[in-house]
Amino acid sequence: MKKEIPKAYDPQEVEDKIYKTWEKSGFFNPNSFVGNRHTCSLQNFSISMPPPNATGVLHLGHASMLAYQDLMIRYNRMKGKNTLWLPGTDHASIATQTKVEKIIAKEGKTKYDLGREKFLERVNEYVENSKSTIKNQTRKMGSSCDWSRERYTLDDGLSRAVREVFTKMFNDKLIYRGDRIVNWCPRCESTLADDEVEHEEQKGKLYYFKYDKDFPITIATTRPETKLGDTAVAVNPKDERYKKYIGKVFEINLGNGKHKIKIISDREVEIKFGTGALGVTPAHSMTDWEMAEKNDLEKIKIIGEDGKMNENAGKDYEGLTVLEAREKIVQYFEKNNLIEKVEEVDQSLSICYRCDTPIEPLPSKQWFVAVDKKITIGGNKYFQNKSLKEIALEVVNKADEKNDKKIEIIPERFEKTYHNWMENLHDWCISRQLWFGHRIPVWYKNESGIRNQESGIDITYFVHGTTIDNEKNKASGHYDVKLSKLGIQQSKDLKKTIENEKFDIVFCSDLKRAVDSASLTFSDRGVKIIQDERLRECDYGDLTQAGASEILVIEKNVIDKPFPKGESYKDVEKRIRDFLNDLIDKYQGKKIAIVAHKAPQLALDVILKNRTWEQAINEDWRKTKEWQAGWKYELNNKFDNSSIVYTMIPKGKKYKNQEIYIGTNPPEGKNWTQDTDTLDTWFSSGLWTFSTLLNQDHEKYKTFEDWVANSPDLKKFHPTSVMETGYDILFFWVARMILMTTYTLGEVPFENVYLHGMVRDKQGKKMSKSLGNGIDPIEMIEKYGTDALRLSMIIGSSPGNDIKMYEEKVEGYRNFVNKLWNVSRYIIMNIDNTKEAGLPIGSPASDATLADKWILNNLNNLTKEVTDDLNNYKFSQAGEKIKEFTWNDFADWYIEISKIEKNKNEILNYILKQVLILFHPFIPFVTEEIWKNLDSENLLMVEKWADRDCREQACPFPTITTARDFEIIQNIIKAIRNARAEYKVEPGKKIEAVIYAGNKKEFIKSQAHLIKNLRTGIDKLEIKEKDDKIKDAVYLVVGDIEIYLEGIIDKEKEKKNLEKKIENIEKYIFQIKTKLGNDDFVGNAPREIVEKEREKFMESEKKIKKLKEKIKSLL
RNA sequence: GGGCGCUUAGCUCAGUUGGCUAGAGCAUCUCGUUUACACCGAGAGGGUCGGGGGUUCGAAUCCCUCAGCGCCCACCA
């Protein structure tokens, strides 16, 4: 006994240490791994780790993905391949932004309160945090990925790749900007791609109604509120009821002004549904939009981006939420007796896949990727007058044998799913109105320096009422001062003046005079007043409270240079610009009132009216002089009291007229502003396999082509070997990578796709926080160890099928890991020579026992089968086989035998090592730790794989196939044990046995030591050739061998036993008899099969004869 | 509406191209302190392979059909 080894394996004690050893070795990085290459071919093997979202923590889904990938990586590394596993994280724009929004909501804030910049700071802070959590947890799983190559989708290099590809696609006319109906999530305030919309079955009401009394057709709808935007009614052309109306136009009024309804025909309309007539709402339904396109109908947008009805819906509805509007219009219909009936129906509701908010289809101007446009790209073998969709279909097509670079999906059935999805793919909307993500590399020329917006925002600016300071001609700056009596009156007057004006929202500066004016003017109007400190008066610093006359003189001097301790007009301009950009982000198409001060108003002149500061000040002076009384303006005729109306961007201004620049870097020159939209997360994820392999010092390369050509990793590791991921993101991600990569590089992103299933709970339900049925992988690791967790996810699962997880399962594998540990503990503690297997080849051959040959033979078969299985992605089978071998053959039989036969150090050591090698990719920690305890020089992680390809000598011992022979001995032993249990022989009691072995006598004799000593409790064993007399003993038959156990017989029991055995065998014989009696079977079945049946028949006949004889003798 | 998958022991699953009396783990029951391991060992019971039909000498396996469950896609207002 040389070493003290703990009785039980303690994963907590070893895992972190082992991981550190691996990391330190540098072997995660293929550049520094030279380990065992000499025996195997120098192929490359690479996997891009599907980037976990930079949000939250690792869940079981990640754990299973990591287990599979690490398994493949470790296997291939041991095979001697140049192996790279590249880790990273995805910024996951919408998921992350939603998450951070929720966090700041708890602080009572919205993203607008923070502003774009500050909000993004918060997001990045959050991302950094969860990134490090995820990284640590990835390590906990034992992942042997190359951390030196870790990437993040928002890295500099990866971001450039995004801009490069966007630009390239734009130049190839694959990206265009279109005014189309899109999926809009009112909560995220962003568009969504078609597949980011989920459908939920819901009960809904189907209303049957007429637009008005004179309208001849009843239509049915589940969304009455959208009827305010109807411009047609569609009927099936074959529908006799409505044929006469087709082409006619009716004028209706739903209370939002008159509009025309044209009766059109469309084959898509189902005659049997509802009334067979469909109200067409072009702006708010995907189907209707297409009909409108075909029929050239007007598209009236009545629902805004905030999910509320807009002015097109009419005065009664404007500002109402969709549901409020629904109620209201139903009331209207009821009042006017227009409703025929209301039906309960099941409908599918579209919701956002990130926040479950109902989706509004809206027309909007967005960026799209054209998937059906055929293009030709020089040097790209795929794109020769082909579309993205066509190539994506071609590349995943088993039937197409000619295609040399095709992608194989495992399991195969998902290729069908993929095709089905791809064939139905529409142009992909890639712009998002999110803040977090890659800004779209598009710049607009705009004199104001503010992003152009088509829908426009109306700003009505009110300077606050006269204050006490005003009356004294004092400059107030940031000093809080009260309104004078006049000021209060002015504000009240203004309230009356603008009585009929509707504002969506009011902003005021947070200084008292502005707050008071605003609340006097806008009280009781049901409009929200928001204070914003960016609207404050210019801070005049030391001049605050000085006489105004002085300010007037030197006002122009404050343009660039602040007064001491104050700020300049340029500073004011800056904060106002900032404020306006916020408005643009949130208040598209809204009418806004601002109540603030003079300087901010001048800044608006500068920004929106394109004045210089000098001009603005001069104009202001003129006005002031003209009217003498300080703070009244009448620049716009609309109001007669201190107001100015700005329309930030005129409505309907077309982008065609606008100068636009698309490129990787910002354009030269002034007044370019970048589009504030960001790109769909999946756009950057689509580049993941190659953007991560591009050189990170990208600045060196001026062109993209140059950059690509000078990235050695890309050459070496791309296409990646396997893409391992869950089937749930086949479309989101896998499909997009195929689209984007074949287009950009002219090669596929990966050669194989391995899809694993979803991890579910014991009942097969999805794990979720709300159900509380989730299992935390880290908790499992702490309790049972990483290896146990890994095994419990790999064994018993098949590709593409969901896997059920529960704690007992992990516990079971923990037990196995401990068993392996104890196997090694026994061997190490009992073996003198554990040094490297410089095993003298052939030396133990001469005295190799049957058991030796049997176990070695089994090990050889195991090695071959496991290698085959792993090559064919049959991970579960491979793992199960090793486990079975280890536990059953090795531990339960062979080690026990070694205690009897002795001197098996070399073989025990050899088998243990082979098992460790085979098992390492599955359970890296415990195997590495045992390996270390064997005083090995190298890490197991880089040990050569166990099969013939990697080792000169797969097995140093001669192995003859004697499996059958050993099984005879096993069966004899099992039969004796069985009988002992059945006859309740006391454990300690020794028994005597006689075996009649016929011509196997000598063979059985040679193994008598095993029969005696392997828990059979046999004291005296006689082995004879022929059954000379039947003794008064328990009788057993194993094949053609008969066994008598003496001294334990209970005649009644023995009789029953034998009878039962006879019964069973008779049943069996009957089956074989009918088979053999069937001429068709004998004539048609393969000879071997028939022969086997005959053998079985004869054997059973013999057996039954013997048993019958035995029964007779008992009587 | 279209497509896909699943249904094998009480539970979780194996079962390769049809061919050894359909297997394993957990659970149950009976024994057990033997040079590692009770996170263990020795044994036992438990299944008309969802139902029905077909192809075949032979079906858990291939085909059809029905039922139940689950998933994905789709513009049923």
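Chain letters run A, B, ... following the sequence lines, proteins first, then strands; residues in each count from 1.
Base engagement by A/Lys902 is indicated by at least one non-hydrogen atom pair under 4.0 Å involving a base atom. Among the atoms of the strands shown, none is found under 4.0 Å from any heavy atom of A/Val280. Within the nucleic acid shown, A/Glu268 comes within 4.0 Å of at least one base atom, counting heavy atoms only. If you check every strand for non-hydrogen atoms under 4.0 Å, A/Phe731 touches sugar and phosphate atoms only. A/Asp892 comes within contact range of the sugar-phosphate backbone alone, with a heavy-atom separation under 4.0 Å but no base atom that close. If you check every strand for non-hydrogen atoms under 4.0 Å, A/Ala891 touches a base. Heavy atoms of A/Arg825 sit under 4.0 angstrom from primed sugar atoms or phosphate atoms, though from no base atom. Nucleic acid contact class of A/Glu290 (heavy atoms, under 4.0 Å, all strands): none.
Going from atom CD1 of A/Ile897 over to atom C1' of B/A36 covers 16 Å, rounded to whole Å. B/A74 atom P lies 18 Å from atom CD of A/Glu270, rounded to whole Å. Going from atom CG of A/Asn933 over to atom C1' of B/A36 covers 14 Å, rounded to whole Å. B/C20 atom C1' lies 11 Å from atom CD of A/Glu1095, rounded to whole Å. Taking atom NZ of A/Lys272 as the reference point, atom P of B/C76 lies 18 Å away to the nearest angstrom. Straight-line distance from the CE atom of A/Met758 to the P atom of B/C4: 20 Å, rounded to whole Å. Between the CG atom of A/Leu791 and the P atom of B/C26 there is a distance of 14 Å, rounded to whole Å. One can place OH of A/Tyr727 at 11 Å from C1' of B/C4, the figure rounded to the nearest angstrom.
Remark: A/Lys416 is in phosphate contact with B/C4, judged by side-chain N or O atoms under 4.0 Å from OP1 or OP2. In this structure, A/Lys1092 does not reach the B/C20 phosphate: none of its side-chain N or O atoms is under 4.0 Å from OP1 or OP2. Distances shorter than 4.0 Å separate none of the side-chain N or O atoms of A/Lys7 from OP1 or OP2 on B/C40. Considering only side-chain N and O atoms, A/Asn815 lies under 4.0 angstrom from the phosphate OP1 or OP2 of B/C40. At the phosphate of B/G41, OP1 or OP2 sits under 4.0 Å from a side-chain N or O atom of A/Trp887. Between A/Arg413 and B/C4 there is no side-chain N or O to OP1 or OP2 distance below 4.0 Å. Residue A/Ser798 places at least one side-chain N or O closer than 4.0 Å to OP1 or OP2 of B/A14. Phosphate proximity of B/C39 to A/Asn822: absent, as no side-chain N or O sits under 4.0 Å from OP1 or OP2. For B/U21, the OP1/OP2 oxygens have a side-chain nitrogen or oxygen of A/Lys1096 closer than 4.0 Å.
Atom CD1 of residue A/Ile1018 and atom CD1 of residue A/Ile972 lie 9.5 Å apart, to the nearest 0.5 angstrom.
No more than 12 heavy-atom neighbours from other residues, nucleotides or ligands sit within 6.0 angstrom of CD on A/Glu1088. Open room surrounds NZ on A/Lys1102; 12 or fewer heavy atoms of other groups in view lie less than 6.0 Å from it. For A/Glu986, the CD atom sits in a loose shell: 12 or fewer heavy atoms of surrounding residues, nucleotides or ligands are nearer than 6.0 Å.
Under 4.0 Å is where a charged nitrogen must lie from a carboxylate oxygen, and between A/Asp868 and A/Lys881 no such pair does. A/Lys299 and A/Glu293 are joined by a salt bridge, as a carboxylate oxygen and a charged side-chain nitrogen come within less than 4.0 angstrom of each other. By the 4.0 Å N-to-carboxylate-O rule, A/Lys874 lies too far from A/Glu865 to be salt-bridged with it. Salt bridge A/Lys804/A/Asp761: absent, no basic N to carboxylate O contact under 4.0 Å.
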Find every protein N or O atom lying less than 3.5 Å from an N or O atom of nucleotides 55-62 of chain B, and list the pairs.
{"unit_1": "B/C57", "atom_1": "OP1", "unit_2": "A/Asn1084", "atom_2": "ND2", "d": "3.3"}
{"unit_1": "B/C57", "atom_1": "O4'", "unit_2": "A/Asp1080", "atom_2": "O", "d": "3.4"}
{"unit_1": "B/C57", "atom_1": "O2'", "unit_2": "A/Asn1078", "atom_2": "ND2", "d": "3.0"}

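Taking atom P on both B/C13 and B/U8, the two are 9 Å apart, rounded to the nearest angstrom. Comparing B/A14 with B/A22, their C1' atoms sit 11 Å apart, to the nearest whole Å. On the P atoms, B/C40 is 8 Å away from B/C26, given to the nearest whole Å. Between the P atoms of B/G18 and B/A9, the separation comes to 24 Å (whole Å). Atom name P, nucleotides B/C11 and B/U48: the rounded distance is 13 Å, in whole Å. B/C37 and B/G32 are spaced 15 Å apart, taking the C1' atom of each and rounding to whole Å. Nucleotides B/C63 and B/U7 have their P atoms positioned 14 Å apart, rounded to a whole Å. Across the C1' atoms, B/A60 and B/C73 are found 31 Å apart, a figure rounded to whole Å.
Under 3.5 Å, the side chains of A/Tyr784 and A/Asn818 contain no donor-acceptor pair of N or O atoms. A/Asn1057 and A/Glu982 are linked by a side-chain donor-acceptor pair at a separation below 3.5 angstrom, with hydrogens and angles left out of the test.
Nearest to the side chain of A/Arg977, among B/A42, B/C73, B/C39, sits B/A42.
Mapping A/Gly796 and A/Ala975 onto RNA chain B by nearest heavy atom places A/Gly796 closer to the 5' end of the strand. Checking A/Ile895 against A/Lys974, the closest nucleotide of RNA chain B that is more toward the 5' end is the one next to A/Ile895.
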Q: Go ahead and write out RNA chain B as dot-bracket, 5' to 3': ( ) for pairs within the strand, [ ] for ones crossing earlier pairs, | when the partner sits on another strand, dots for unpaired; Watson-Crick or G-U wobble, both distances under 3.5 Å.
A: (((((((..((((.....[...)))).(((((.......))))).....(((((..]....))))))))))))....
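Considering only heavy atoms from C-beta on, A/Phe875 stays 4.5 Å or farther from A/Asp869 through its side chain. Using a 4.5 Å heavy-atom threshold, the side chains of A/Glu1099 and A/Lys1096 count as separate.
For the contact set between residues 803-814 of chain A and RNA chain B, defined by any heavy atom under 4.0 Å, the members are A/Lys804, A/Tyr806, A/Lys809, A/Arg814.
For a distance-only test at 3.5 Å, the side chain of A/Glu884 fails to qualify as a donor-acceptor partner of the base of B/A14. Contact of A/Lys899 with B/A36 (side chain to base): a donor-acceptor pair of N or O atoms is detected under 3.5 Å.
A cation-pi arrangement is found for A/Lys899 relative to A/Tyr826, the charged atom lying closer than 6.0 Å to the ring centre and inside a 45° cone about the ring normal.
A/Phe333 and A/Tyr207 have their aromatic ring centers separated by at least 6.0 angstrom. Ring centroids of A/Phe732 and A/Tyr353 are separated by less than 6.0 Å, placing the two rings close together.
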Q) A/Lys272 and A/Glu270: salt bridge (charged side-chain N to carboxylate O under 4.0 Å, His left out), yes or no, with the steps? A) CA-CA 5 Å; A/Lys272 283 177 190 154; A/Glu270 269 186 52; over 6 Å; no
